[in-house]
Amino acid sequence: MATPWEKVKNPSHGDSNSIGSYANGCLAGGERLPLQGDGYQVIRSERGRYYGHREMIVFLQQLMQQSQQLNIGNVLVGDIAMPRGGRFSSGHASHQTGLDADIWLRIPEKPLTAKQLKTVSALPMVDVNKYKIIEKNWSIKQAQLIQLAASDDRVARIFVHPVIKQQLCKTQWKQRDWLSKVRPWFGHYYHFHVRLNCPEGSTTCKPQTPPPEGDGCGTELASWSPNYKAPEVTKPLTNVKPKPKPKKVLPAMCATVLKS
């Protein structure tokens, strides 16, 4: 069943404002990413998920312009957020405040035709069963695009499949500090997920916890492998039952955004 947020087809008026957390919030004053621009195209536009905080729209346009200058190719932008953000009935837990965006790792050399845009399929970079990169699909262009995004100060996190993170770790880079933002997360084997920091001066946006120190290419990354054996730890016996997770309650301001 569709959520109330999925039924709204237009953003609210006013300046962009991300409210709440990435996985429990909404978006006031969302801006629309043009469906085609310098170096990019929006895919699956019929979903109407190409709205974001103004900061995200500017970031994406600048990222694509930079990728064009580096001859990376035509970038395909997937879901950002719905017109007023909020919860999805399925598919995404986050993407609720206009500060998350999915970027496909299939990078055509030139813009797709209208017909191709309707039929284009995702290109997997990882053989999930064998837990290894698909060499014929992966290239330096995918690596450069992720590096370009992660090097931006506005970016808080980039989520990729652990095997993609592994591949980035093996690559020789002049600077490696940006790798700390690239976080392993299953499911992201054909796209990467960009998450921006709360915009400067925003008081209604719940910020992302900073990533751990280091490049994240050691034990932490290895622990995602299906062959990883964690050190045995003796746990004390206890009868204390784990507390159930509290039900998420949307910020009160989101009710106003939905009705406005």
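A quick note: this is a predicted structure, and the numbers were derived from the prediction, not measured.
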Least distance between heavy atoms, [X] atom then [Y] atom:
X	Y	value
Lys248	Arg87	O-NH2, 3.2 Å
Cys198	Tyr22	N-OH, 3.7 Å
Ala149	Val194	CB-CG2, 4.5 Å
Asn10	Val8	O-CG1, 3.3 Å
Tyr50	Ser45	CE2-O, 3.2 Å

Taking [Y]'s backbone N and O only, do any of them form a donor-acceptor pair with [X]'s side chain (distance below 3.5 Å, no angle check)?
X	Y	result
Thr204	Ser18	yes
Trp173	Leu168	yes
Ser260	Ser12	no
Asn74	Pro108	no
Arg106	Asn137	no
Ser225	Ala222	no
Thr97	Ile19	no
Lys165	Leu179	yes
Lys181	Asp152	yes

Below 30° counts as parallel, above 60° as perpendicular, anything between as tilted: where do the rings of Tyr189 and His161 land?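 The rings of Tyr189 and His161 stand perpendicular, inter-plane angle above 60°.
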
Tyr190 and Trp104 aromatic ring geometry - parallel, tilted or perpendicular at 30°/60° bounds: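 Rings of Trp104 and Tyr190: perpendicular, as their planes differ by over 60°.
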
Solution key, residues 54-73 side-chain donor-acceptor pairs under 3.5 Å, sequence neighbours excluded:
| unit_1 | atom_1 | unit_2 | atom_2 | d |
| --- | --- | --- | --- | --- |
| Gln62 | OE1 | Arg154 | NH1 | 2.9 |
| Gln62 | OE1 | Arg154 | NH2 | 2.7 |
| Ser67 | OG | Met64 | O | 2.7 |

Can you give me every donor-acceptor pair (side chain of residues 208-220, partner residue at least two apart or in another chain, under 3.5 Å) with its distance?
| unit_1 | atom_1 | unit_2 | atom_2 | d |
| --- | --- | --- | --- | --- |
| Gln208 | OE1 | Arg195 | NH1 | 2.8 |
| Asp215 | OD1 | Cys217 | N | 3.0 |
| Glu220 | OE2 | Arg183 | NH2 | 2.4 |

Could you tell me whether the side chain of Phe88 reaches within less than 4.5 Å of the side chain of Arg49, counting heavy atoms only?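 Arg49 reaches Phe88 side chain to side chain.
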
Within a 6.0 Å radius of atom CD on Glu200, are there more than 12 heavy atoms belonging to other residues, nucleotides or ligands?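 Check fails, neighbour count at 12 or below.
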
Does Trp138 CH2 have over 12 foreign heavy atoms under 6.0 Å away?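 More than 12 within 6.0 Å, yes.
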
[Y] reachable from [X] in the ILVMFWY side-chain graph, under 4.5 Å edges:
X	Y	result
Val128	Ile134	no
Leu145	Trp185	yes
Leu112	Ile107	yes

Quick one: pull up OG in Ser151 and CD1 in Ile146 and give me the separation to the nearest 0.5 Å.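 So the OG of Ser151 and the CD1 of Ile146 are separated by 11.5 Å.
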
Which residue is it: His193, His95, His191? I am looking for the one with a ring pair (Phe, Tyr, Trp, His ring centres under 6.0 Å) to Phe159.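 Going through the options one by one, the only one that passes is His193.
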
